[in-house]
Amino acid sequence: MDKIKSRDFRILKSLNLSGVMELLSDSYGYPIDNMRIWPLTLRTNQTNRPTTLEVEDAEKTVYDISENDPTWIVFLETADPECQKALPHFDKENDVLLFLKKYDPKTKTISYCGHIAVSITQKIYELIPLLCERGGFPEGTPLIIYEEVKPNLTEKIQDVRLQLDKALDELMDGDILVFQRDDPENDQYELATAKDYFRDLYYRIEVLLCDKTNLNDPGFTLTLSVKMNYFQIAKAIAAKLDTDPMLLQLFRAQPHRDGPSHPIRCAYEGTLRDLIFPLKPRTPNVKKLYYQRLTIKINELENKKQFRCVWVSNKLQEEEMFLYTNKDDTVAGLLMEAKLLKNRTLGNNGSGKLRLLEVISNKIHQVQQEDVLLECLNPVGTKTYRIEEIPEDQLDLNETELLLCVAHFQKELFSMFGVPFLIRVQEGEPFTEVRERIKNQLEISEKELEKIKFAIVLLGKTSYITEDEYRVSIKDFLPTSGGAGAMQQKAWLGLDHVNKNKRSRYNYFEKAIKILN
């Protein structure tokens with residue numbers, strides 16, 4: 001009832017039927033003789049259909065007629081305004097009110113074609129000329145006629161030579177006839193018959209589709225069948241987004257909170273019914289899926305390995321990034337994928353070459369060699385991997401130069417923060433020159449730089465630098481053995497200063513734990 005055009009009237013319970021007819025006459029502009037009320041009643045098959053108004057006394061109140069129901073729903077039949085005649089008499093014993101619908105398999109649409117009141121002894125084939133006229137078909141067009149028993153039950157009328165009371169099971173006022181052109185070309189369409197259409201209609205639901213990459217995306221709604229498979233769902237979404245279904249990846253919604261769950265494989269053999277969870281207990285009728293646009297086809301993507309990392313710009317701005325490489329690929333292949341994705345954002349004065357860094361607890365641990373297999377890299381705990389463009393001055397180092405890790409901490413080494421970075425240092429150069437390069441890299445003022453203390457950190461110990469006196473000694477930063485069989489430790493340059501952006505610890509790959517009572 002919420003999808004049809006209707007009009008509401010608020011009337012007194014004590015108003016009689018004559019008063020109702022006068023009200024409707026004034027509202028719609030029809031004489032009372034040109035209108036007839038058909039109350040909607042619930043049948044045993046759970047459908048609401050118009051029935052004859054069994055009231056002889058026009059002075060009976062609406063409250064009594066509706067059997068004390070505060071909402072009285074009726075179908076108002078009106079005469080053809082062009083005829084300017086009263087409605088013909090309706091014989092309750094020998095006539096029947098029928099509604100007509102036309103189905104078009106090409107457009108998969110149902111069109112309402114009005115109603116008729118005919119004798120129950122009239123034969124089905126005698127209605128065909130009228131159905132052709134109502135449906136806009138040429139006279140003599142062969143038709144297939146169905147009875148719509150209920151939304152999920154539509155039966156074809158096999159013998160059109162039968163009378164209505166013999167052809168339709170339990171003929172009653174409000175029964176619905178559905179017709180379509182009998183055409184061999186119908187078989188090429190997805191829903192070839194009206195029976196197929198109503199079966200599909202019964203299984204349709206509204207699904208909210210949201211962009212996984214946009215947390216604030218309000219999404220859009222599509223009407224889909226719960227019997228759709230993965231590719232039928234993807235095709236419907238792609239049509240709305242004007243893209244290729246193969247360039248979409250779909251995700252379930254999490255059952256207990258907003259947000260996407262695991263991706264759905266394109267080889268998934270279930271149906272939409274199996275993928276849908278109610279969005280929240282308070283909104284059980286809202287169904288939700290997430291989608292993500294892809295740059296490669298979904299079947300190719302699923303044969304690749306997803307690698308999560310961080311992209312760091314030349315201004316030390318971080319951005320989470322997902323890359324897809326072959327499962328047996330190396331760091332070189334990963335960097336190639338990253339370059340294809342970030343080529344437009346590379347600096348004008350950069351080298352155009354990328355590197356992969358292993359970062360542990362806000363400190364660069366090592367630069368990964370390009371021949372390392374990706375399966376050997378495992379971002380767990382505070383370990384992450386980041387990709388960045390190599391500055392021009394760090395491409396080719398001679399024997400007197402070194403790439404030095406620079407990291408931030410506040411008083412204690414366990415209190416590290418910020419984005420670490422690499423700088424080039426040279427044997428014997430004054431530390432004041434290194435200090436100037438750090439200032440330029442951090443894009444801070446001299447006043448801010450004066451608040452930073454510099455220290456060489458090795459094996460958990462700090463040695464603070466006297467900036468004006470110290471000259472770089474490469475051996476101070478070379479790896480030192482931690483003992484037999486122990487991993488060699490490399491010194492790094494610490495920047496000891498107050499963390500102005502202090503916040504709760506955050507890791508790109510950490511997930512919140514939610515306890516549900």
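We number each residue from 1, following the sequence as shown.
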Would you mind reporting whether [Y] and [X] have side-chain heavy atoms less than 4.5 Å apart?
X      : Y      : result
Ile444 : Ile438 : no
Lys305 : Asp329 : no
Thr41  : Arg49  : no
Arg293 : Leu241 : yes
Leu341 : Leu323 : yes
Leu374 : Thr330 : no
Thr462 : Leu413 : yes
Leu201 : Tyr203 : no

SB check [X] [Y] (cutoff 4.0 Å):
X      : Y      : result
Glu446 : Arg435 : yes
Glu337 : Lys339 : no
Lys353 : Glu389 : no
Glu319 : Lys342 : yes
Glu388 : Arg355 : yes

Report task. Go through the steps to decide whether Gln441 and Leu316 satisfy the test side chain to side chain contact (heavy atoms under 4.5 Å, CB included), and finish with yes or no. Result -> CA-CA 8 Å; Gln441 177 66 73; Leu316 300 183; 3.7 Å; yes

Take atom [atom1] in [X]; do more than 12 heavy atoms of anything else shown fall under 6.0 Å from it?
X      : atom1 : value
Gln369 : CD    : no
Glu450 : CD    : yes
Tyr268 : OH    : yes
Asp396 : CG    : no
Arg43  : CZ    : yes

Query raised in the report: Tell me, which pairs form a ring pair (Phe, Tyr, Trp, His ring centres under 6.0 Å) where one or both residues lie in residues 419-451, sequence neighbours left out?
Result: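 Passing the test, one end in residues 419-451: Phe431-Phe454.
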
Results of ring-ring contact (aromatic ring centres under 6.0 Å, His included) for [X] - residues two or more places apart only:
X      : value
Phe417 : His408, His497
Phe179 : none
Phe307 : Tyr385

Query - Derivation of the side chain to side chain contact (heavy atoms under 4.5 Å, CB included) call for Lys240 and Leu222 - result: CA-CA 9 Å; Lys240 176 70 175 180; Leu222 287 182; 4.3 Å; yes

Might you point out which heavy atoms bring [X] and [Y] nearest each other, and give the distance in Å?
X      : Y      : answer
Leu247 : Thr243 : CB-OG1, 4.2 Å
Thr382 : Ser361 : OG1-OG, 3.1 Å
Leu404 : Ala491 : CD1-O, 4.1 Å
Asp244 : Met246 : OD1-N, 2.9 Å
Arg386 : Ile364 : NH2-CD1, 4.0 Å
Ala234 : Leu248 : O-CD1, 3.9 Å

Query raised in the report: Going through the checks in order, is the side chain to side chain contact (heavy atoms under 4.5 Å, CB included) test met by Ile456 and Ile465?
Result: CA-CA 7 Å; Ile456 299 174; Ile465 294 172; 3.7 Å; yes

Return the set of residues passing side chain to side chain contact (heavy atoms under 4.5 Å, CB included) with [X] (not counting sequence neighbours), or none when no residue passes.
X      : value
Ile296 : Glu300, Leu301, Lys304
Ser445 : Lys447, Glu448
Leu272 : Ile205, Val207, Leu224, Ile233, Ile276, Leu289
Ala407 : Lys363, Met416, Pro420, Trp492

Query - Ring-ring centroid check Tyr464 Tyr470, cutoff 6.0 Å - result: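 Between Tyr470 and Tyr464, which both carry aromatic rings, the centre distance is not below 6.0 Å.
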
Query raised in the report: Between Tyr197 and Tyr103, is the gap from one ring center to the other below 6.0 Å?
Result: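 When the ring centroids of Tyr197 and Tyr103 are compared, they turn out to be within the sub-6.0 Å range.
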
Query raised in the report: Any side-chain donor-acceptor pair under 3.5 Å between Lys288 and Tyr290?
Result: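 Lys288 vs Tyr290: donor-acceptor pair found between side chains.
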
Query raised in the report: Step by step, would you call Leu397 with Leu402 a side chain to side chain contact (heavy atoms under 4.5 Å, CB included)?
Result: CA-CA 7 Å; Leu397 303 179; Leu402 177 74; 5.9 Å; no

Query - Pairs satisfying salt bridge (charged side-chain N to carboxylate O under 4.0 Å, His left out), at least one member in residues 208-232, at least two apart - result: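 Found none.
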
Query raised in the report: Between atom CG of Leu357 and atom CD1 of Ile387, what is the distance when rounded to the nearest 0.5 Å?
Result: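 Leu357 CG to Ile387 CD1: 9.0 Å, rounded to 0.5 Å.
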
Query - Of Lys195, Gln180, Lys101, the residue whose pairing with Tyr146 passes side chain to side chain donor-acceptor pair (under 3.5 Å) - result: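 Of the listed options, the one satisfying the test is Gln180.
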
Taking salt bridge (Lys or Arg N to Asp or Glu O under 4.0 Å) as the test, write out the residues that go with [X], two or more places apart.
X      : answer
Asp200 : Arg204
Glu399 : none
Arg437 : Glu429

Taking [X] for its side chain and [Y] for its backbone only, find out whether a donor-acceptor pair lies under 3.5 Å.
X      : Y      : value
Gln254 : Pro260 : yes
Asn398 : Glu401 : yes
Asn48  : Leu40  : no
Thr193 : Asp196 : yes
Asn152 : Arg199 : no
Asp69  : Thr71  : yes
Glu302 : Asn299 : no
Asn229 : Gln232 : yes

Requested in this report: Identify whether NZ of Lys or CZ of Arg in Lys102 sits under 6.0 Å from the centre of the six-membered ring of Phe137 and within 45° of that ring's axis.
Outcome: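 Yes, cation above the ring, under 6.0 Å and within 45°.
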
